Amino acid sequence: MKLKEAMAALEALGSPAVKTLWLKHGAKEPFFGVKIGDLKPLAKKLKGEQALALELYATGNGDAQYLAGMVADGAEMTGKQLQAWVDQAAWRMISATIVPWVVVEHPEGLTLALGWIDSKQEAVAIAGWHSLGALVTVLPDEKLPLKELGAVLDRIAKTLPAQPDRVRQAMNGFVIACGTYVAPLGTKAIATARKLGKVEVDMGDTECKIPDAESYIMKYRRGAPIAPKRKTVRC
């Protein structure tokens with residue numbers, strides 16, 4: 001399938017109701033408003049089309065970028081391409097979901113994510129925190145820079161309240177990921193969650209709520225000292 005055909009297929013799947021919903025969640029034009037479930041059959045058809053995935057993302061269309069992330073193999077991307085993806089993300093769902101999907105598959109993912117969390121650009125910082133959370137979810141503890149990540153938790157406890165809404169949400173998610181999946185940092189993550197208390201984020205005209213970090217950590221552990229690592233963060 002060529003780019004023109006793929007874009008036509010996306011446009012045909014678009015829905016005014018879904019577009020309205022995505023707008024409430026912060027989506028920005030251009031996009032068609034395609035349900036994630038409706039993207040899956042198309043992504044399956046395009047599996048392995050790495051070049052097409054890069055072309056789709058480069059359009060800047062939100063639906064095309066989401067589809068690109070479903071098709072692309074992050075391990076085959078260059079660091080320059082990953083940087084372009086984080087810089088060109090159409091809206092928050094791309095920064096928080098699609099970018100982490102490919103970053104977690106790349107050998108330089110940790111280095112990139114740790115750099116992005118320092119960005120003054122909100123979208124890049126969001127991508128960095130979500131990518132870092134995804135990485136600790138799947139990578140074995142022995143492959144993680146535990147001392148550095150412990151310092152990151154200390155940083156969150158001190159700086160989270162002053163961050164923009166969605167950056168606070170992403171930082172809270174990283175605390176949950178550490179406490180759930182990183183055995184050497186589990187206790188520290190819970191202590192960080194207690195220092196933070198209830199994280200307030202303006203979620204706009206949506207039903208979304210910010211999870212209490214400590215409660216979610218215990219929920220996801222399911223009674224175990226720590227949860228087993230996940231094979232993937234893709235869904």
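Please read all numbers here as calculations on a predicted model, not as lab measurements.
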Under 3.5 Å, is there a donor-acceptor pair between the Glu29 and Trp91 side chains?
no
Applying side chain to side chain donor-acceptor pair (under 3.5 Å), name anything that partners Asp73, two or more places apart in sequence or on another chain.
none
Are side-chain heavy atoms of His130 and Phe174 found at a separation under 4.5 Å?
no
Taking all atoms of both residues into account, what is the closest heavy-atom pair of Leu146 and Leu185, and its distance?
O-CD2, 4.0 Å
For Tyr181 and Asp141, which heavy atoms make the closest approach, and how far apart are they?
O-OD1, 3.6 Å
Tested for side chain to side chain contact (heavy atoms under 4.5 Å, CB included) against Leu160, the lone hit among Arg168, Lys195, Gln169 is Arg168
Which atom names give the shortest non-hydrogen contact between Val124 and Trp116, and what distance separates them?
O-CB, 3.7 Å
Separation between CD of Glu122 and CZ of Arg166, rounded to the nearest 0.5 Å
9.0 Å
Is it possible for you to check whether Lys19 lies under 6.0 Å from the centre of the six-membered ring of Phe32, through NZ or CZ, and within 45° of that ring's axis?
no
Heavy-atom pair with the smallest gap, counting every atom of Ile226 and Gly179:
CD1-O, 3.4 Å
Assess whether salt bridge (charged side-chain N to carboxylate O under 4.0 Å, His left out) is satisfied between Glu105 and Arg234, documenting all intermediate values.
CA-CA 10 Å; Glu105 296 169 346; Arg234 289 178 178 269; 2.8 Å; yes
Side chains of Gln65 and Leu56: closer than 4.5 Å at any heavy-atom pair?
no
Test: Glu148 and Arg155 ion pair at under 4.0 Å:
no
Smallest separation among heavy atoms of Ala90 and Gly60, with atom names:
CB-O, 3.6 Å
N-O pairing of Lys219 and Glu214 below 4.0 Å:
no
For Asp63 versus Asn61, what's the shortest heavy-atom pair and its separation?
N-OD1, 2.9 Å
